[in-house]
Asks: 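Shown below is the structure under consideration.
Naming convention: chains lettered A, B, ... in sequence-line order (proteins, then strands); numbering from 1 in each chain.
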Number of protein chains: 2
Amino acid sequence: MTVNSRTPIAAPEGAGRRRASTIRDVAQAAGVSTATVSKFLNGGQRFTREVEERVAQAVRDLGYSSNPMARGMITGRTGNVGIVVLDVRNPHFTSLIRGASRPAAEAELNLLFADIAEGLAPELPTLQALSRRVDGLIVSARLSDEARAWLGASDMPVVYYGGPPAQQDCSSVGIDNRAAAAMLGRHLRELGHRRLRYVGFSGARWSQERWLGLQQAFEGSGAELHRHDVNEASADEGERIASEVLLSADAPDAVVAYNDLIALGLLGQAQALGLAVPHDVSIAGFDNIVYGRYTSPALTTVDSGSEQTGERAMRRLIARIGGDPAARSGHELIAARVIVRGSTLGRPAVSRGEGRTR
Amino acid sequence: MTVNSRTPIAAPEGAGRRRASTIRDVAQAAGVSTATVSKFLNGGQRFTREVEERVAQAVRDLGYSSNPMARGMITGRTGNVGIVVLDVRNPHFTSLIRGASRPAAEAELNLLFADIAEGLAPELPTLQALSRRVDGLIVSARLSDEARAWLGASDMPVVYYGGPPAQQDCSSVGIDNRAAAAMLGRHLRELGHRRLRYVGFSGARWSQERWLGLQQAFEGSGAELHRHDVNEASADEGERIASEVLLSADAPDAVVAYNDLIALGLLGQAQALGLAVPHDVSIAGFDNIVYGRYTSPALTTVDSGSEQTGERAMRRLIARIGGDPAARSGHELIAARVIVRGSTLGRPAVSRGEGRTR
DNA sequence: TTGTAAGCGTTATCAG
DNA sequence: CTGATAACGCTTACAA
């Protein structure tokens, strides 16, 4: 039945890898031209009932599906979108991926994933390799200047997540880190905290924003704010720095971490060091990773809308790929909110009379 | 400089998307043929110093990198490998991905990722779509029979993770679930537990294996073993079923969950219900997700070598893609080990004198 | 409504 | 050593 008229240059007939059937096989089986098959399959173009039936039948019989590479060569579309995260093991990023997955699947786009955590893969080369295989990219606004510059110069559709990348005309999705930190700061201020530590991660641009927000919340309160810094936004690092943060001469009554992973490490170690949380010290983080619910006390945090961020970013990217000019730039703000749990508690009133709403 | 001699059929000269430079541009700029450029770039073939220099220069000047789709069309390689997980948000799977990432990056393979969690994407269609875009696949041995059958019939290189898929000649990597559960069971038996509950997840084939291992460990101990089942291997489900498991008439003195997520939910809810863990009841899970360290008490679990599994699976797949016949089938066993933490504790000796090693 | 044929950017074959 | 040139499987003018 399915005989190729062209002499196949290397057709392992009986043995070996059976060649997947091509559009030509279908055309031949249906007794039509390849153009007809292609149009029937792609464009909504109609044909005589008989032709349509024969083609459909042939497609079914041969289990035909088009070769994405061949198709991509001429359409210029790969059918893939890339998503670059800074650490797959951070639940914040997995939620982001989860959020991006659904709209991608709906648009029949495949997810080409890359993790550029510490020693895993160099940022720029990874990006460059990816960009040849995707129609668009969702990347962290925390990418290096070098990487962002390169992306800006290319004409690859890109959506940044995490916040608006510094001074650049592009498309982005994320929370207002400063405002979010200020919200958390106000919560702590209302609780009566006055000796604060911020355990930042200067590897992340938002760390500075969050620090500023925190300071802002305590302006005029007479509170002391100190700052630490870890080398990696991980629980291990939170553990490592815990004693330095918690046991110093002027011990803090509240500690805010750059993210929940660090906070988790601090929380665990605080208890190991004999401190009662939140009685001796309040601890809070950022991102609202689900595991913050399972510590005791449960972790107070700021929900940064990880999953929603992923979803919005993907929708934006899809619009952008589709040529929607509105999606070319602009920041889409995701609403953050403080999630108060057991790890933060009021101090025995030090100086009252400063009722702040919320 | 870079002028095309062929009349470009649709070359948006000044405005619009600038066309990425092709091998033809390079050849022209270097004054050689495309074949020469290709051989210089791919095969280790040598040329006169002059030619090599001119080509290298042209490549640099034009920032040329080959079009993966065009290349793929003729080599038959996509340069991608697919990895299919059952839920990105489960740290077990993210560790698996992390483990697979490094060898993939080393082999310059991109990771095409798919999450087939509950309502996200239908299994078989996802697999079929993926398989046209990858050179090989790493998938869960928990895929449906239908999906596994389809994969078996295709000639796609596949490595299964999680354990050997039922009755099939294929390549796989994972722990021995029965033996691992038996190890955990022996730990609990030695602690003196005699009223056990297993919270399984019948959606996973290993759940049954683990149940059998548990039973095996308690053979002849006179212990009572009961079994529950959740609809999803998640912390939420663990919480939901907690009261049913923990508050029944003959309350258990130890509960083993199918995985750590369920265990986390059980642990949290147990405490909410006023039970002291491990004093009133011991709780243990599977997978050794990192967040089990941050609960209090910390969670006893079985390390299933998630990251190592991912790494070994990827190495196997790469070998398999490279045509290594040894990698075509066979199971690679990953060693599991019990991680004893605070959530399991000995009962006040009920019936002693059964010293079991380890 | 259908078919013909020209490419898309590579690599591989085979001459020179 | 180097260069023509024929594929790879598909879409899309352009014809019929």
Asks: Using the C1' atoms of the five pairs at each end, what is the angle between the end axes of the helix from C:dT1-D:dA16 to C:dG16-D:dC1, to 10°?
Replies: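 Roughly 40° between the end axes, to the nearest 10°.
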Asks: Can A:Thr309 and A:Ser306 be counted as having a side-chain donor-acceptor contact under 3.5 angstrom?
Replies: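 On atom types as modelled, these side chains do not qualify, holding no pair under 3.5 Å.
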Asks: Scan nucleotides 10-16 of chain D nucleotide by nucleotide, 5' to 3', and note B when protein non-hydrogen atoms come under 4.0 Å of the base, S if they reach only the sugar-phosphate, - if neither.
Replies: BBBB---
Asks: Identify, with sequence neighbours excluded, every residue that meets side-chain contact (heavy atoms from CB on, under 4.5 Å) alongside A:Leu41.
Replies: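 Checked A:Leu41 against side-chain contact (heavy atoms from CB on, under 4.5 Å); matches are A:Val37, A:Val59, A:Tyr64.
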Asks: Going by an N to O cut-off under 4.0 Å, is there a salt bridge joining A:Arg102 and A:Glu106?
Replies: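 A:Glu106 and A:Arg102: not salt-bridged.
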Asks: Grab the CZ-C1' distance between B:Arg77 and D:dG9 for me, whole Å please.
Replies: 19 Å
Asks: Specify whether A:Phe40 and A:Phe47 have parallel, tilted or perpendicular ring planes, treating 30° as the upper limit for parallel and 60° as the lower limit for perpendicular.
Replies: perpendicular
Asks: Sequence neighbours left out, what passes side-chain contact (heavy atoms from CB on, under 4.5 Å) with B:Asn80? Give chain and number order.
Replies: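 With neighbours one apart ignored, the set is A:Leu112, A:Arg133, B:Thr78, B:Asn110, B:Leu112, B:Val134.
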Asks: State which residues pass side-chain contact (heavy atoms from CB on, under 4.5 Å) with B:Arg328; sequence neighbours excluded, sorted by chain then number.
Replies: B:Arg320
Asks: If you define the side chain from C-beta out and look only at heavy atoms, does anything of A:Val84 sit under 4.5 Å from A:Thr126?
Replies: no
Asks: Want to settle it: does B:Met73 or A:Thr48 sit nearer the 5' end of DNA chain C, counting the closest nucleotide to each?
Replies: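 Between the two, 5'-proximity favours A:Thr48.
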Asks: Nearest whole angstrom, please: distance from the P of C:dT11 to the CE of B:Met69.
Replies: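 B:Met69 atom CE is separated from C:dT11 atom P by 14 Å.
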Asks: Which residues satisfy the side-chain contact (heavy atoms from CB on, under 4.5 Å) test with A:Glu123, sequence neighbours excluded?
Replies: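 Residues passing side-chain contact (heavy atoms from CB on, under 4.5 Å) with A:Glu123: A:Ile116, A:Leu143, A:Ser144, A:Ala147.
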Asks: Which whole-number value in Å describes the distance from A:Arg49 CZ to C:dT2 P?
Replies: 12 Å
